[in-house]
Amino acid sequence: MGNLWNDLKFAVRTLGRSPVFTGVAVLSVALGIGANTAIFSLLDQVLLRLLPVKEPQQLVLLSMKGMHYGNNNGGNALSYPMYDDFRKNNQVFSGMFCRFPNYFALTFNGQTERVSGELVSGTYFPVLGVGAAVGRTFTAEEDQKIAGAPLAMLSYAYWKSRFAGDPGIVGKTVVVNGYSMTVVGVAEQGFDGVELGRRAQIFVPVVMKGPMIPLADDINDRRSRFVNAFGRLKAGVSPEQAQASLQPFFHGILEMEVRQPAFRNASEYTRQQFLKNVIQVLPGSQGRSYLRRQLQTPLWVLMAITGAVLLIACANVAGLLVARAASRQKEIAVRLALGAGRGQLVQQLLVESLLLAAIGGVLGLLLAISTDKVLMSLLPPDTVSLNIATVPDWRILSFTIGVSLLTGVLFGLIPALQATRADVAPTLKDQAGAVVGGGAPVRFRKALVTAQVTLSLLLLIGAGLFIRSLQNLRNLGPGFAPENLVAFNIDPSLNGYDAPRAKAFYQRLSENLGSIPGNRSVGLAAMRILEDNEWDSGLTVEGYAAKNGEHIQAFMNSISPGYFQALGVPILAGRDFTIRDNEEIKHGPDPNDWNPTKVIINEKFVKTYFGMTNAVGRHVGFGSDPGTKTDMEIIGVIKDIKYTNLRDEIPIQMFIPYPGSRYVGGMTVYLKTTLDPNQLASAVRSQVRQIDPNVPIYAMRTVEQQISNSLLIERLIASLSTVFGALATLLATIGLYGVMAYTVARRTREIGIRMALGAFQGDVIWMVMREVIVLVTIGIAIGFGAAMGLTRLVKSQLFGVEAMDPVALVAATVGLAAVACLAGYIPALRASRVDAMHALRYE
């Protein structure tokens with residue numbers, strides 16, 4: 001221990017005497033470790049962490065695989081009756097719970113705001129093992145009676161922010177979606193639900209779905225899938241065993257359901273396909289998150305990029321250490337001659353390397369904290385709710401310490417071993433100034449430079465591909481002009497509005513907003529486009545015979561008259577909706593089986609199902625069962641536009657008029673305006689308050705900003721890969737310059753002899769540049785080979801560009817070669833100006 005302490009003190013003194021070397025080495029390490037820590041911090045919190053609940057590894061998520069017959073709301077969803085069947089009839093779970101994410105309007109003390117929440121079963125908190133910070137949690141008794149549990153729980157964070165952490169809120173009444181609810185408790189600190197990117201602020205019993213969402217009162221409907229069903233495995237039961245145990249019972253449920261009246265119009269083919277469904281038992285330790293699946297590949301790509309940057313930084317510092325060791329040959333030889341053991345010297349040199357890595361690790365950690373804060377500030381606050389901490393916890397600190405130690409060993413071990421391999425006698429006789437410079441240290445440094453060039457080329461090629469992909473998406477556009485178009489969301493149904501009241505509210509809102517000076521047109525839509533939202537429905541098309549297995553469906557939207565005018569989408573045939581398009585047709589025995597009589601479709605719909613014939617005046621019908629009535633008239637055809645996002649192909653689309661629908665909930669309002677968005681927001685809120693001051697508006701932004709938000713992941717990958725690629729190139733350039741400067745210094749006597757014998761400056765420059773070109777060429781050749789395999793791994797992140805895009809390859813190669821040759825030319829030029837007599841005396 002005493003030896004280590006002495007080595008540490010010696011390392012501090014030694015590094016202090018070489019401030020330039022120490023500064024360059026520490027900065028290189030700090031940049032590499034900082035980049036890795038910043039990305040790992042995001043990767044850890046988004047992809048690796050488990051739910052903050054009791055033994056999360058025991059949680060699993062149930063999911064149906066196969067054809068569904070009915071409505072579907074969200075991924076991995078089951079109907080509530082099916083969940084209840086599994087809960088009561090299984091031998092593999094110690095407990096089960098279900099949840100459904102939703103937004104609510106919460107009113108307290110006269111103030112209303114929109115909050116994110118979950119409808120949950122009474123077993124939700126007990127099965128998760130999450131307790132209450134104040135009050136109590138829900139219990140299984142809450143599930144006994146449909147619509148019979150007007151209760152609410154608050155998340156700890158929301159309790160603190162909205163109610164100032166007042167424990168007296170327990171037992172008080174809040175109004176949720178126009179319904180009085182008693183607050184029974186506050187969830188324990190750190191728990192915000194089971195879905196990353198959607199932090200729950202309020203929890204409501206799932207049996208209250210009808211009062212909370214009157215337009216979707218389907219809790220007893222087996223054809224409506226909306227809940228995520230989780231189970232906690234019993235001790236000793238694996239997911240595979242659980243799936244094998246549940247499948248026979250699940251098949252029995254399917255056989256029972258297929259005999260129910262809801263299947264009376266289904267074809268035999270549909271019935272057989274439905275019976276082929278299987279139940280899947282998926283890992284549930286991280287909950288369920290669509291956002292996690294979106295970010296998985298981008299974060300791993302960025303982690304690989306920063307890993308390459310760290311390797312380049314290590315190679316850089318290793319090269320510096322080799323050069324430093326060459327200047328300390330006499331010192332090391334003297335210590336060896338005096339009896340110092342090689343192991344002792346290796347230990348002392350490694351301590352120096354580890355000290356450099358430790359200082360770089362501390363600076364890298366500070367850099368990572370700043371980087372994560374910048375990255376989090378780029379996220380749109382009203383579209384993503386990520387609980388990401390920028391202050392490191394023990395996991396991030398452990399990662400940083402581990403990477404720092406590994407880095408120190410990685411760049412310090414080989415230089416230490418080479419430095420202590422000195423031949424004592426020649427070194428003490430001052431035979432360092434050999435006529436021809438070379439040897440193992442030089443070859444090692446050249447190998448490091450070649451590796452740096454290879455890695456830098458890979459990063460630059462990747463950056464070029466991501467930039468080209470982003471440019472293609474931006475140039476593609478949504479199919480309409482987004483300039484001067486502002487959108488916001490509003491939902492009076494969260495305040496208890498039924499369909500007739502909501503229609504009257506929207507009609508008055510459209511009139512009021514249209515009266516604001518500067519507003520040219522107003523349009524409303526149930527689905528906000530370009531935000532990965534989706535509403536699709538099965539259809540029957542007049543005159544089109546679907547083949548077995550073909551499912552005719554369209555992406556739907558319920559819109560107002562003037563919606564296409566607000567977006568600037570031309571109507572190619574027929575006409576737009578008017579306020580008089582409010583007629584409905586009765587379909588089936590259910591009281592809500594009413595459909596509008598008029599629809600509008602897009603070009604792709606026409607081309608797919610009507611060919612070249614005129615579609616106006618033709619008919620369609622909701623549903624794909626044999627005998628479905630086609631009594632909804634097509635009155636117009638619009639130009640194709642994007643729906644979910646810029647990446648996806650334009651889908652088949654159909655639009656219905658909201659005045660002719662019995663399902664009127666939240667709407668996105670689009671305003672074509674000449675006003676500044678900030679001025680418009682104030683005017684809009686004033687108009688809404690005149691109608692109902694308790695109905696909040698939210699998510700107001702320009703469509704251009706919305707498009708920019710939709711490209712957030714692509715922009716982050718392109719910008720970060722460019723920054724890291726440039727950083728890698730800078731480090732590689734410094735490494736190349738250092739190697740060539742070192743080589744020239746080693747060959748000073750040789751250069752003097754050549755010049756004394758008549759060599760010209762150009763000959764000396766070419767002699768040095770030839771080595772540079774060889775190193776760069778080898779690195780580029782290896783990089784090309786590696787790029788052919790590695791770029792295919794990021795193909796899913798590209799759009800409109802091939803993995804081996806020639807533009808990206810040529811730009812990266814030419815740019816890297818030019819910078820590298822410039823770095824090598826400076827030592828070459830200096831070598832050509834060596835005075836021959838001075839060089840011959842050089843030692």
Hey, mind stepping through Glu55 and Gln58 against side chain to side chain donor-acceptor pair (under 3.5 Å) and telling me if it holds? CA-CA 6 Å; Glu55 299 182 39; Gln58 295 179 350; 2.5 Å; yes
Within the distance-only criterion (no hydrogens, no angle test), does the side chain of [X] pair as donor or acceptor with the backbone N or O of [Y] below 3.5 angstrom?
{"X": "Trp159", "Y": "Ala164", "answer": "no"}
{"X": "Ser41", "Y": "Ala38", "answer": "no"}
{"X": "Asp192", "Y": "Gln201", "answer": "no"}
{"X": "Arg99", "Y": "Val194", "answer": "no"}
{"X": "Asn73", "Y": "Val227", "answer": "no"}
{"X": "Ser28", "Y": "Val317", "answer": "no"}
{"X": "Thr37", "Y": "Thr400", "answer": "no"}

[X] bridged to [Y] by N-O distance under 4.0 Å:
{"X": "Glu714", "Y": "Arg647", "answer": "yes"}
{"X": "Glu352", "Y": "Lys9", "answer": "no"}
{"X": "Arg49", "Y": "Asp393", "answer": "yes"}
{"X": "Arg528", "Y": "Glu534", "answer": "no"}
{"X": "Arg198", "Y": "Glu118", "answer": "no"}

Distance-minimising heavy-atom pair for [X] and [Y]:
{"X": "Leu354", "Y": "Val409", "answer": "CD2-N, 4.0 Å"}
{"X": "Ser721", "Y": "Ile717", "answer": "OG-O, 2.7 Å"}
{"X": "Ser238", "Y": "Leu233", "answer": "C-CD1, 4.2 Å"}
{"X": "Ala357", "Y": "Ile33", "answer": "O-CD1, 4.1 Å"}

Without hydrogens or angle criteria, can the side chains of Gln452 and Ser456 be said to hold a donor-acceptor pair below 3.5 Å?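 No.
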Does any donor atom in the side chain of Asp532 or Asn645 lie under 3.5 Å from an acceptor atom in the other side chain? yes
Got a sec, which residues hit ring pair (Phe, Tyr, Trp, His ring centres under 6.0 Å) with Phe86, two or more places apart in sequence or on another chain? Phe249
Quick one: sort the Tyr124 and Phe203 rings into parallel, tilted or perpendicular, breaks at 30° and 60°.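 It falls in the tilted class, 30° to 60°.
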Do Arg114 and Tyr698 meet the cation-pi criteria used here (NZ or CZ under 6.0 Å from the six-membered ring centre, within 45° of the axis)?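 Output yes; distance and angle both within limits.
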Whether Arg199 engages the ring of Phe191 as a cation-pi pair (distance to the six-membered ring centre under 6.0 angstrom, angle to the ring normal within 45°) should be assessed. no
Filter on salt bridge (Lys or Arg N to Asp or Glu O under 4.0 Å), then keep only pairs touching residues 401-413, sequence neighbours left out; what's left?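 Not a single pair qualifies under salt bridge (Lys or Arg N to Asp or Glu O under 4.0 Å).
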Applying side-chain hydrogen bond (donor to acceptor under 3.5 Å, both in side chains), can you list everything that pairs with Tyr158, at least two apart in sequence or on another chain? Glu113, Arg162
